[in-house]
Amino acid sequence: MSDKCGNCDCADKSQCVHLEEVAAGEVMGGLPMDQAFVQAPEHRAKPSVAEADGIPVIDLSPLFAADGVDVDALAAEVGRASQDWGFFVVVRHGVPEEVVARAAEAQRAFFALPPARRAAVARSEAAQMGYYASDHTQNVRDWKEAFDLVPTRHSLLPPPSAVVLDNKWPDDLPGFREAMEEYGEAVEELAFKLLELIARSLGLRPDRLHGFFEDHQTTFIRLNHYPPCPSPDLALGLGHHKDAGALTVLYQDAVGGLDVRRRCDGEWVRVRPIPQSFIINIGDIIQVWSNDRYESVEHRVVVNVEKERFSIPFFFYPASYTMVEPLEEVVREESPARYNPYSWGEFFSARKNGNFKKLDVDYV
């Protein structure tokens, strides 16, 4: 019996996925499943993924102790996690539980709105904060819908490609704006504390990296909703990628689905949800600042056929005028700079504008 596909000329029907085979037109949570969502075979998630045993869970309570005697030991722990995993989980982190709960409740309320009301605050090329249901990672559509917002209003990025960072708020959803602003303020405070620990772990003064985030910050928050998927073996909620910024502070609900590519062997492992925690990952900027001492790690999001999933990543991004390059304190004769300087503002503008048109830009 031939394995040749009867619908096209491909040699192996097991590797060919046609529109009709993925329930074209079927609507799950407002997203139609079609060929645009189908991952290449080598990027699809396996039916079962091992739990990320050994991923560091770090108790940040020493940051709030009166004597602060354990801060250096805590910084060393963050440094080891950043070097070995590029990811870690923080608990007792100082962000009030009720602040997170209000944000999560507001997020669910927004995605429960009818499609027309969500679309009323849709992002556009001219104003790129807001709602959208079509996003692509590695040129494959992600099985999700999202809403982007900035914690506070920021200035336009400089020419040549200005991006408007101005929030669009649903005017018929009481408490939504207040919950998100409260959440953004609390998580930004945590992000600065983590930045201090990373600086200490590199042998720098605690506030060494703060200056990059003082004015014209490009930080933003993303509300992710991953609906149940009819073909979770073919699609991903978010394709494999690395984060471009400095730090990502992630809240995820109890459903789970975040996979990290383990550095020691390249295998995908699942990060187990821990109540009242945040998942932290090192971004490309810290990899550059540390001159590869710390590494930005590849990750993805899987979906399932039964449960919707919610997450809130806080992307901690520096000022638009920042030139990103290895810090002079970490560059030595035996460890010369491994990266040329690049303009964060130009990169950020190009990447944001790339959401609306294909650009001849290499983001790697």
Side-chain angles (χ1 to χ4, degrees), residues 75 78-79 81-83 85-87 128 137-138 150-151 154-165 188 191-220 240-249 263 280-299 313-364:
V78 166
S82 301
Q83 190 167 16
W85 280 87
F87 267 81
Q128 297 190 12
T137 305
Q138 311 293 349
V150 291
H154 298 295
S155 303
L156 299 181
L157 294 178
S161 300
V163 174
V164 177
L165 299 181
E188 183 176 70
F192 272 109
K193 291 183 183 300
L194 293 166
L195 204 64
E196 289 184 3
L197 290 172
I198 287 170
R200 285 176 179 268
S201 73
L202 292 170
L204 310 173
R205 69 177 191 272
D207 64 350
R208 172 63 174 89
L209 305 176
H210 282 36
F212 297 115
F213 297 84
E214 287 180 351
D215 300 314
H216 304 289
Q217 196 182 112
T218 51
T219 293
F220 72 98
H240 67 101
H241 69 288
K242 298 182 179 183
D243 287 356
L247 288 173
T248 303
V249 181
R263 290 189 61 192
I280 313 300
N281 69 278
I282 299 301
D284 294 346
I285 288 178
I286 284 182
Q287 177 169 334
V288 174
W289 280 342
S290 71
N291 205 31
D292 282 349
R293 181 168 168 181
Y294 302 153
E295 184 176 335
S296 178
V297 176
E298 198 171 20
H299 52 288
F314 178 99
F315 297 106
F316 198 38
Y317 285 1
S320 58
Y321 54 75
T322 301
M323 291 299 295
V324 181
E325 59 186 317
L327 299 170
E328 60 182 357
E329 297 95 329
V330 303
V331 175
R332 301 177 180 85
E333 185 176 350
E334 65 275 13
S335 181
R338 300 186 179 188
Y339 299 92
N340 294 319
Y342 67 92
S343 166
W344 172 253
E346 291 180 8
F347 173 89
F348 183 78
S349 294
R351 190 161 197 174
K352 279 293 183 184
N353 288 329
N355 290 326
F356 300 92
K357 56 192 173 187
K358 185 170 178 60
L359 302 174
D360 293 326
V361 176
D362 185 357
Y363 292 135
V364 178

Next item on the list: Measure the spacing between CZ of F347 and OG1 of T218 and express it to the nearest 0.5 Å.
Entry: 10.5 Å
Margin query: Let's go through V297 and W85 carefully: what are the C-alpha distance in whole Å and the side-chain angles of both, what is the deciding distance for side chain to side chain contact (heavy atoms under 4.5 Å, CB included) to 0.1 Å, and is it a yes or a no?
Written below: CA-CA 7 Å; V297 176; W85 280 87; over 6 Å; no
Next item on the list: Report yes or no: does N291 contribute a side-chain atom to a donor-acceptor pair with the main-chain N or O of R338 at less than 3.5 Å?
Entry: yes
Checklist line | Pairwise distance CD(E298) to CZ(R263) - rounded to 0.5 angstrom | finding: 12.5 Å
Next item on the list: Any chance you could measure S82, atom OG, to E295, atom CD, to the nearest 0.5 Å?
Entry: 11.5 Å
Note to self: Counting only heavy atoms not in E334 (residues, nucleotides, ligands), do more than 12 fall under 6.0 Å from its CD?
What the structure shows: yes
Next item on the list: To the nearest 0.5 Å, tell me how far W289 CH2 sits from I282 CD1.
Entry: 11.0 Å
Next item on the list: Would you please say whether a donor-acceptor pair under 3.5 Å links the side chains of Q287 and D292?
Entry: yes
Margin query: Applying side chain to side chain contact (heavy atoms under 4.5 Å, CB included) to Y342 and I285, what does each step give before you reach the verdict?
Written below: CA-CA 10 Å; Y342 67 92; I285 288 178; 3.8 Å; yes
Using atom types as modelled, flag every donor-acceptor pair under 3.5 Å from a side chain in residues 194-203 to any protein atom, sequence neighbours excluded.
unit_1, atom_1, unit_2, atom_2, d
E196, OE2, H210, NE2, 3.2
R200, NH1, D72, OD1, 3.0
S201, OG, I198, O, 2.6
S201, OG, Y294, OH, 2.7

Check: If you look at every heavy atom in V249 and A191, which pair is closest and at what distance?
Finding: CG2-CB, 4.5 Å
Check: For the residue pair W344 and F212, is the inter-centroid distance of their aromatic rings smaller than 6.0 Å?
Finding: no
Check: Atom CZ of F213 and atom CZ of F316: how far apart are they, to the nearest 0.5 Å?
Finding: 4.5 Å
Check: Less than 6.0 Å separating the ring centroids of H240 and H299?
Finding: no
Check: Would L327 and L209 count as a side chain to side chain contact (heavy atoms under 4.5 Å, CB included) if you check the C-alpha gap in whole Å, the side-chain angles of each, and the deciding distance to 0.1 Å?
Finding: CA-CA 10 Å; L327 299 170; L209 305 176; 3.8 Å; yes
Next item on the list: Can you measure from CG (D243) to OG (S296) and round to the nearest 0.5 angstrom?
Entry: 6.0 Å
Note to self: For P313 versus T248, what's the shortest heavy-atom pair and its separation?
What the structure shows: CB-CG2, 4.0 Å
Notebook entry, point to check: Any idea how F315 and F220 line up, ring-wise: parallel (<30°), tilted (30 to 60°), or perpendicular (>60°)?
Noted result: tilted
Note to self: Determine whether a donor-acceptor pair (N or O, by modelled atom type, separation under 3.5 Å) exists between the side chain of T219 and the backbone of Y317.
What the structure shows: yes
Next item on the list: Please report the closest heavy-atom contact between R293 and Q83, naming both atoms and the distance.
Entry: O-CG, 3.6 Å
